[in-house]
Amino acid sequence: MLAIENVSRTFSNGETGFKHINLSVNEGEVIGILGTSGCGKSTLLRVLSGLDHHYEGHVKIDGVAVKAVHEKVGMIFQEPRLMPWLKVIENISFGLEEKDAKAVHYLESVGLTGFDNHYPKDLSGGMAQRVAIARALVTNPEILLLDEPFSALDAFTKMQLQDLLLEIWQKYHSTILLVTHDIDETLYLCDRIIILRGQPGEIYEELKINACKPRARGDLELAKMKEQILHLLDLTHVDIK
Amino acid sequence: MSMKATVASPKIEEKRKKNLQWSTKARNAALGSIVPIILMIAWEYLSGTGVFPPHLLPAPSIIFQSLLNMAVDGSLWGHTGITLYRLFIGFLIGTAAAVVVGAGVGYFAKAESLFDPLIQAFRSIPSLAWVPLFILWMGIGEPSKVVLIAVGVFFPVYLNIVSGIQGVDRKLIEVGKIYNFSSLKLIKRIILPAALPSFLVGLRSGLGLGWMFVVAAELMGASTGIGYLLVYGQNTYSPELIISSIVLFAILGKITDSILKGLESKALHWQDTIERKA
């Protein structure tokens with residue numbers, strides 16, 4: 001579905017975001033990209049989305065190399081990024097050529113029925129992010145890229161939206177790439193976890209989670225894995241000077 | 001779906017909210033008129049007792065009478081009409097030019113480095129300094145007045161458009177890019193609406209300057225218009241005429257600004273600001 005071949009990104013000031021990333025993603029797979037800040041994981045997602053095309057290497061979708069924004073790719077940002085002058089329903093249909101019933105369908109599927117005519121200023125953070133999810137889904141993307149989508153939300157809203165994402169995955173069989181720094185989130189949602197480390201970031205480890213979804217948030221196996229990931233990220237021992 | 005329970009009902013009692021808005025508006029208007037009314041009464045009283053000499057500062061009732069006389073003999077409408085006409089045409093030309101140039105300079109970095117320094121240099125010329133040149137070029141008829149007003153309106157509108165466009169959030173533009181929008185579509189669907197608040201601020205300050213320049217233009221050489229009434233009042237020793245004209249400017253200026261302000265709040269009702277939260 002999506003293949004990343006030896007992709008590196010060097011910024012114009014000589015700094016490197018990440019280097020030599022190789023990854024192939026199967027259809028319907030949920031991949032978590034985990035790493036501490038500064039390892040280039042958001043940059044990687046921008047490269048994959050086509051927003052950033054100053055990279056070396058190849059990004060292939062269905063075997064064809066792409067260097068621009070691809071219609072099969074949908075992106076959800078850390079902030080909702082709604083157009084404040086558009087109503088909820090207009091925001092959802094923002095990427096469509098013309099208004100159609102699809103917008104209403106996705107409004108319902110993110111649980112915002114009845115909020116069609118509200119403006120973004122009247123929405124809570126969680127509701128705004130739901131609208132952003134619906135807006136990304138409305139063009140039927142096969143690959144969904146999520147850049148720390150729930151990191152600005154409170155713990156409960158976050159869990160609700162993680163469940164929503166899971167529902168979407170079950171319903172539309174999307175391929176999902178999720179960049180995050182929340183280990184529990186990756187353990188709850190992902191089939192595979194890619195751990196990036198270093199500056200520039202490189203793939204340090206790849207973990208597979210075989211447990212079926214939906215998973216219990218308090219699962220013992222997952223807790224063990226969390227410990228392992230903390231080790232891999234070099235976060236288990238705390239130095240207090 | 002389990003999500004539905006988590007969000008509150010969107011229905012609000014629209015009508016009650018509107019009634020409430022009206023009563024607060026009326027109260028604010030009443031509050032705002034207390035001080036002017038007290039001042040008017042004091043003025044009338046002091047004029048009546050002779051503290052204010054009538055040949056310098058006539059009583060409000062005399063000024064009102066002179067306005068009424070002008071309204072009855074029809075001269076008021078003629079002068080007001082021609083002043084509004086000049087302002088309107090000048091405002092339209094100035095705004096149109098500012099929109100075209102401002103949009104180009106704001107969006108294309110090349111256009112900015114080409115044109116902006118020149119425009120900034122022109123901006124630093126006090127606009128009244130153009131008057132002799134315009135009169136020399138176009139005579140003292142309508143064209144020179146309209147062009148002067150247009151020049152006055154151009155700069156605030158231009159500045160606000162450019163800063164509005166350049167201030168558009170890059171994050172919103174990226175959303176358009178994800179959907180593969182063309183440049184034209186980006187401008188139409190994201191940049192222009194996002195720059196609208198700034199543009200409307202520019203329109204309002206442009207209108208303010210437009211009023212300034214219409215007075216300047218009419219003071220300098222006109223045989224009609226409210227500005228001409230000012231000069232006429234000065235030459236014929238009739239302070240009530242001068243003050244009537246000033247009052248007219250105040251009223252008309254306030255009305256036109258209110259129209260723009262109404263337009264602004266209509267167009268920007270989506271904004272989340274302190275003013276609208278209340």
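Residue numbering restarts at 1 for every chain, and letters A, B, ... go by the order of the sequence lines.
- For Tyr172(A), the OH atom is densely surrounded, since the number of other residues' heavy atoms within 6.0 Å is greater than 12.
- The local environment of CD1 in Ile125(B) is crowded, with over 12 non-hydrogen atoms from other residues, nucleotides or ligands closer than 6.0 Å.
- When all heavy atoms of Glu174(B) and Arg81(A) are compared, the closest pair comes out as OE1-NH1, 2.8 Å.
- Contact between Asn180(B) and Val69(A) at its shortest, heavy atoms only, is ND2-O, 3.4 Å.
- Heavy atoms of other residues, nucleotides or ligands lying less than 6.0 angstrom from NE2 of His58(A) number 12 at most.
- Neither the backbone nor the side chain of Ala267(B) comes within contact range of chain A; no heavy atom of the residue lies under 4.5 Å from a heavy atom of that chain.
- Atom NZ of Lys177(B) is surrounded by 12 or fewer heavy atoms from other residues, nucleotides or ligands within 6.0 Å.
- Around NZ of Lys185(B), the count of heavy atoms belonging to other residues, nucleotides or ligands within 6.0 Å exceeds 12.
- Of the atoms belonging to Glu71(A), not a single heavy atom falls under 4.5 Å from chain B.
- Between chain B and the residues His70(A), Met75(A), Met83(A), Lys87(A), the most heavy-atom pairs under 4.5 angstrom are made by Met83(A).
- Counting heavy-atom neighbours within 6.0 Å of Phe122(B) CZ, excluding the residue itself, gives a total of 12 or less.
- In this structure, CG in Leu86(A) is found 9.0 Å from CH2 in Trp270(B), a value given to the nearest 0.5 Å.
- Taking the side chain as every heavy atom from C-beta outward, Lys121(A) and Gln271(B) never approach each other to under 4.5 Å.
- Within the 4.5 angstrom heavy-atom criterion, atoms from both the backbone and the side chain of Ile190(B) approach chain A.
- Of the atoms belonging to Arg135(A), heavy atoms from both backbone and side chain fall under 4.5 Å from chain B.
- The shortest non-hydrogen separation linking Arg189(B) to Trp85(A) is O-CZ2, 3.4 Å.
- Both the backbone and the side chain of Phe94(A) come within contact range of chain B, with heavy atoms under 4.5 Å apart.
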Apply side chain to side chain contact (heavy atoms under 4.5 Å, CB included) to residues Phe77(A) and Ile178(B) and explain how you reach the verdict. CA-CA 11 Å; Phe77(A) 300 94; Ile178(B) 279 287; 4.0 Å; yes
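- With a 6.0 Å radius and a threshold of 12 heavy atoms from other residues, nucleotides or ligands, Lys110(B) has its NZ atom at or below the threshold.
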